[in-house]
Amino acid sequence: MRLIKEVFMFLYQWLIFVPLFALFTILTALTVMIFAPIFGSKYWGYIPPKWWSKLGCWLALCRIKASGHENLDPKQSYIFVANHQGAFDIFLIYGFLNQNIKWVQKASLRKIPLVGFASEMAGHVFVDNSSAAARVKTINEAKKKIVNGVSITLFPEGARSRTGKLGRFKRGAYQIAYDLKLPIVPLTLNGPFYVLKRGTFRLKPHKLELVIHKPIPTENLSEVDISALIDQSREIIYSALWKEFKDEH
């Protein structure tokens with residue numbers, strides 16, 4: 001029975017999922033590239049990719065559970081920080097957060113044909129870690145995007161987890177939140193680790209869960225409080241992880 005299931009998923013992945021997902025990716029990229037420069041990226045850089053992300057999750061035969069939307073104000077800008085379990089983190093957040101967001105993403109993604117240019121037209125920010133000055137420039141560019149209810153999303157761990165468990169959080173997202181006095185919103189992601197693990201191309205349908213926690217205000221914080229803010233948000237994200245993704249005590 002297990003062998004039959006694996007054969008079915010192999011055939012489904014390469015004969016159905018990959019061709020359809022590639023088609024939707026091209027159509028979404030072209031839509032963003034054409035309409036975002038003309039009508040602006042707030043709508044055209046968000047809505048088409050949002051539905052592309054939803055379709056990606058549904059095509060992967062994943063069941064979705066999202067909670068905590070009542071914690072957010074659609075007119076408020078936020079800094080979203082999430083754990084990074086796998087490639088489907090992006091689809092889960094983009095498709096089901098229901099908040100207009102821009103991504104802070106690796107500069108290498110800009111080289112992907114169509115997708116890289118579409119991401120640029122959509123207003124996403126590419127991280128340049130070549131020097132300290134380049135990193136400052138990246139942060140300043142990100143700050144310009146966070147206006148009129150548009151938020152940004154970052155993975156403080158930087159890279160996808162190899163185990164599904166939390167890694168060390170970096171400071172960048174929190175510095176932006178502090179500088180702009182914007183709330184930090186922790187997001188807990190469960191399940192993407194199983195769907196497409198780092199270093200593999202093997203698709204495995206699985207339940208995906210997005211937990212939206214309450215915003216953490218930053219208006220009254222001083223710069224010395226940033227370390228505590230990092231620890232606080234990490235603990236909140238950790239608290240909603242599935243048991244298998246928590247450390248053993």
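Since the model is a prediction, treat every value here as computed from it, not as a measurement.
Enclosure of atom NZ in Lys181 by more than 12 non-hydrogen atoms of other residues, nucleotides or ligands within 6.0 angstrom is indicated. The environment of Lys42 atom NZ is dense: over 12 non-hydrogen atoms of other residues, nucleotides or ligands sit within 6.0 angstrom. The number of heavy-atom neighbours closer than 6.0 Å to CZ of Phe117, taken from other residues, nucleotides and ligands shown, is 12 or below.
For the pair Ile90 and Ser53, the tightest heavy-atom approach, listed with the atom from each and the gap, is O-OG, 4.3 Å. The shortest heavy-atom contact between Gly158 and His84 is O-CD2, 4.2 Å. Across Ser161 and Thr163, no two heavy atoms sit closer than the pair OG-N, 3.1 Å.
To the nearest 0.5 angstrom, Ile237 atom CD1 is 7.0 Å from Leu187 atom CG. Atom CD1 of Ile236 and atom CG of Asp231 lie 11.0 Å apart (nearest 0.5 Å). Atom CZ of Arg171 is separated from atom OH of Tyr178 by 9.5 Å, given to the nearest 0.5 angstrom. In this structure, NZ on Lys54 lies 14.0 Å from CZ on Phe91, to the nearest 0.5 angstrom. A distance of 7.5 Å separates CD1 of Ile212 from CG of Asn71, quoted to the nearest 0.5 Å. To the nearest 0.5 angstrom, Thr218 atom OG1 is 6.5 Å from Leu182 atom CG.
Hydrophobic clustering (side-chain heavy atoms under 4.5 Å, transitive across Ile, Leu, Val, Met, Phe, Trp, Tyr) keeps Leu154 apart from Leu97. Hydrophobic cluster membership is shared by Ile64 and Leu61, with clusters built from Ile, Leu, Val, Met, Phe, Trp and Tyr side chains linked at under 4.5 angstrom. One hydrophobic cluster, built from ILVMFWY side chains closer than 4.5 Å, holds both Phe169 and Ile216. Cluster membership check: Val81 shares its hydrophobic cluster with Leu241, using side-chain heavy-atom separations under 4.5 Å among Ile, Leu, Val, Met, Phe, Trp and Tyr.
With hydrogens and angles ignored, the 3.5 Å screen pairs a side-chain donor or acceptor of Gln13 with a backbone N or O of Phe201. Not a single donor-acceptor pair under 3.5 Å links the side chain of Gln99 to the backbone N or O of Ser77.
Each of Phe24, Phe21, Tyr94 was evaluated against Trp52; a single residue qualifies, Phe21, per the ring-ring contact (aromatic ring centres under 6.0 Å, His included) test.
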**Q.** Evaluation steps, side-chain contact (heavy atoms from CB on, under 4.5 Å), between Ser233 and Leu229
**A.** CA-CA 6 Å; Ser233 67; Leu229 179 63; 5.6 Å; no
Q. Where do Phe245 and Leu189 land on the side-chain contact (heavy atoms from CB on, under 4.5 Å) test, with the steps shown first?
A. CA-CA 10 Å; Phe245 299 130; Leu189 309 180; over 6 Å; no
Q: Just do the side-chain contact (heavy atoms from CB on, under 4.5 Å) check on Trp51 and Thr28 with the steps written out, would you?
A: CA-CA 9 Å; Trp51 282 100; Thr28 301; over 6 Å; no
Q) Taking it one step at a time, do Lys50 and Asn98 satisfy side-chain contact (heavy atoms from CB on, under 4.5 Å)? A) CA-CA 8 Å; Lys50 173 183 176 178; Asn98 296 339; 3.4 Å; yes
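Applying the salt bridge (Lys or Arg N to Asp or Glu O under 4.0 Å) test to pairs two or more places apart or on separate chains, those with a residue in residues 141-153 are Lys143-Asp179.
Judged by the 6.0 Å and 45° rule, Lys197 forms no cation-pi pair with Tyr194.
Ring geometry, Phe35 versus Trp44: the interplanar angle falls under 30°, so the pair is classed parallel (tilted spans 30 to 60°).
Residues Phe155 and Trp103 bring their aromatic ring centres within 6.0 Å.
Within the 4.5 Å cutoff, no side-chain heavy atoms of Phe193 are placed close to those of His206.
When the side chain to side chain donor-acceptor pair (under 3.5 Å) test is applied to Arg162, no partner is found at least two apart in sequence or on another chain.
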